[in-house]
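Throughout, a chain's letter reflects where its sequence line sits, starting with A, and its residues are numbered from 1.
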Number of protein chains: 4
Amino acid sequence: MVKKPVPDATRRSEKSRRAIYDAALALVAEVGYPKTTIEGIAARAGVGKQTIYRWWPSKADVLLEAFLDLGEQAARQAGQVPYEIPDTGDLAADLKAVLRATVDELLDPRFEAPSRALAAEGLVNEQLSREFVAKLLEPQLQLYVNRLRAAQATGAVRPDVDPRIALELFVSPLAQRWLQRTAPITYAYTDTLVDYALYGLAPR
Amino acid sequence: MVKKPVPDATRRSEKSRRAIYDAALALVAEVGYPKTTIEGIAARAGVGKQTIYRWWPSKADVLLEAFLDLGEQAARQAGQVPYEIPDTGDLAADLKAVLRATVDELLDPRFEAPSRALAAEGLVNEQLSREFVAKLLEPQLQLYVNRLRAAQATGAVRPDVDPRIALELFVSPLAQRWLQRTAPITYAYTDTLVDYALYGLAPR
Amino acid sequence: MVKKPVPDATRRSEKSRRAIYDAALALVAEVGYPKTTIEGIAARAGVGKQTIYRWWPSKADVLLEAFLDLGEQAARQAGQVPYEIPDTGDLAADLKAVLRATVDELLDPRFEAPSRALAAEGLVNEQLSREFVAKLLEPQLQLYVNRLRAAQATGAVRPDVDPRIALELFVSPLAQRWLQRTAPITYAYTDTLVDYALYGLAPR
Amino acid sequence: MVKKPVPDATRRSEKSRRAIYDAALALVAEVGYPKTTIEGIAARAGVGKQTIYRWWPSKADVLLEAFLDLGEQAARQAGQVPYEIPDTGDLAADLKAVLRATVDELLDPRFEAPSRALAAEGLVNEQLSREFVAKLLEPQLQLYVNRLRAAQATGAVRPDVDPRIALELFVSPLAQRWLQRTAPITYAYTDTLVDYALYGLAPR
DNA sequence: TTCTAATCGAGACGGTACGTCGGGTCTTATT
DNA sequence: AATAAGACCCGACGTACCGTCTCGATTAGAA
């Protein structure tokens, strides 16, 4: 077992890290993930290659961190770090609103390129996939779980329903359409998904 | 614009094509998609690189064709080329049976590696994605549309439901779990999906 | 020992041969010897590659034959097939005249490219070199031997001189300058060569 | 016009350069120039191809430098870097001695293969030829010029003779025989050349 | 505030694979 | 049977990046 000397994070250059994030996101957006190279990121960031290899094991990890950082920044700007699905008492309306916001985000070009790339890499790279799911996907899905639990408490959803599965009825179709481009994603579509799904979850 | 002279398909070597398919599938299964190289496929198939470049524009296209061919072969062996979802009159039972078979297929290692790889490539390569969807995915989904239409005719499903969207309620979650490894896929899971979804599609 | 079936020369296409000669000479002149390829010759001659491989073992042999043919043609046109060095009785004048003609030929672009190419190939390919020397060079040199022998008979050259060596005193320097581009070749230069050399060959 | 970034010569690996020289010379000697490939040199030298392409534009240039280096090494070993043709007062004897040494060198297999290859390449590649002549050939010939000038000073050679041309009378024939294999090269032959040539250069 | 050790920008290095070119063989249909 | 055409296997080309490895130059924490 070869020990790689752990670099001293306290002396790390914040400027370089930012520049690397920016370069990685910009390149993925401009030339696509496969044509984005470590060398290209380093050159664009005005950084030595070694500085990248010192802190990240692969370009996928660079992009994942850059993307997480982008998300944090966006959340911080919106001032809504502790994100929640609203609870107006009308479950269908709340879900439709959230899904419409998700549609907007999925169509935002700033997000599209990197998240597609990460999803693609994850399909084939199990380790990255786990990290992606744990850090990004599951926290999002947990919000739906919370909201559905609340709905069960008020009787809007049958108590025997597993919320972790139930949420997939409307979340997965949207994800699928987006990832595989099987069909366009619109507000009308997500509204319909919620309608179809909730029929089945509501008590008789 | 330089025109590449179109090769004469009638003189194409069938033996080479088969060998390339086999090599591509074997390598993807053995070393994974990213480490599968055109050079490796050529070497394993006992074929010149040029023979690959003559007929396919990229390794993704090689793999797509190889996979389509694999599917055709499998179907031909099973003697069930005009595939259909059974119609016993019990929609829930029929869907559960089909989804269980799908689970088996998704867990079959012969299919897993190449289809993951193609899905991953499709996320980032729109042209390939379209071909993948058109040649493989949509034909499969159409079978569900047909079965749901039949269910609407017998009154088992509400007539105002769009079958193309309805089918996503149980198909997409399964696909999602498989692709993103968010959770294990089991018979119990698919059965539950069908139950949840059909509640919502059945008449009141 | 694998026997290569000897092709039937009587059925050979004269038209193809001519086309191949023309194409080979043209290409060597236009793009240079290294960039002249068998494939290129075949394409330009409107001939299948196999037709070349059937009759010649290598591109050097094609060019050698093409060049020999070119020489024969030129000689036939000039109507002087049985070539001779003139014998006016004045050895120096005769040699100067012949060398001046040689200078002209060496500077003729039609001859320069192919003969350079053949010389180059010969340096590294002994078999070709022997053929080149035997078919082209030695016959030429023999003419000088004859003329020098005649000069010895008239007493213009010492009888103990070996004509085969003596001729090299003026022929080789010219060849060398041309081949290696060490210095320009002119009439004045060849005249000087003859003067210097004959001093040494003349009786005291 | 794309500018290729000039590599930083101060950081060049001396070990790699030596290994490349050795590999190039060894391969040319073992398999011949045409079968010597950049890939083969790199593999034999244990070096990446790019390291060759970074510093030399072609395999001919690699070989030329390797050969120049070989010559320098040999000269340094012999401790006779400022090489001179001896001047014992007997011009004929001095020239014969030097030419005999040249014959030895031309027949030394370590020198034969690469110098033939370079000569061949030079015939067809003018740029290389100029470099070869300037760096290797002319310095050698200049030694003869010097010796002949000295001979003119002592009256051993006629004052109106151009030494640069005179030297070709014995040097070029030897070179020619060696390059074109028209006849074997021996001490007797070079002695004869000197005799024939000096007759013509000596005063009456 | 100076010293000093780690990080940094830069890029040369040994490699692997790319996509292309051409060599020489073989097959097919045409003459 | 020779031919034009060109697919085939193969080896080398010159290029792009990989991940590792030096090099000064800089820079931040401990002295």
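The nearest whole Å value for the distance from the CZ atom in B:R17 to the C1' atom in F:dC8 is 15 Å. Rounded to whole Å, the distance from CG on C:D61 to P on E:dG24 is 11 Å. The distance between atom NZ of A:K15 and atom C1' of E:dG9, rounded to the nearest whole Å, is 10 Å. Atom CD1 in C:I52 sits about 17 Å away from atom P in F:dA2, given to the nearest Å.
The end-to-end axis angle of the helix from E:dT4-F:dA28 to E:dT31-F:dA1, rounded to 10 degrees and based on five pairs per end, is 20°.
Salt-bridge annotation for D:R116 and C:E126: absent, with no side-chain N of the basic residue lying under 4.0 Å from a carboxylate O of the acidic one. Taking 4.0 Å as the cut-off between side-chain N and carboxylate O, C:R44 and C:E30 count as a salt-bridged pair. By the 4.0 Å N-to-carboxylate-O rule, D:D69 lies too far from D:R17 to be salt-bridged with it.
Cation-pi check for D:K59 over D:Y33 is met; the charged atom lies under 6.0 angstrom from the ring centroid and within 45 degrees of its normal. Taking the ring axis of A:W55 as reference, the NZ or CZ atom of A:R11 does not stay both within 45° of it and closer than 6.0 Å to the ring centre.
You'll find the side chain of B:Y53 reaches within 4.5 Å of the side chain of B:I38, heavy atoms only. Counting heavy atoms from C-beta on, the side chains of B:F67 and B:F111 come closer than 4.5 Å.
Every residue was checked against the salt bridge (Lys or Arg N to Asp or Glu O under 4.0 Å) condition with B:E65, not counting sequence neighbours, and none meets it.
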Contact pattern, 5' to 3', of nucleotides 11-18 of chain E - B, S or - by protein heavy atom under 4.0 Å = SBBBB-BB
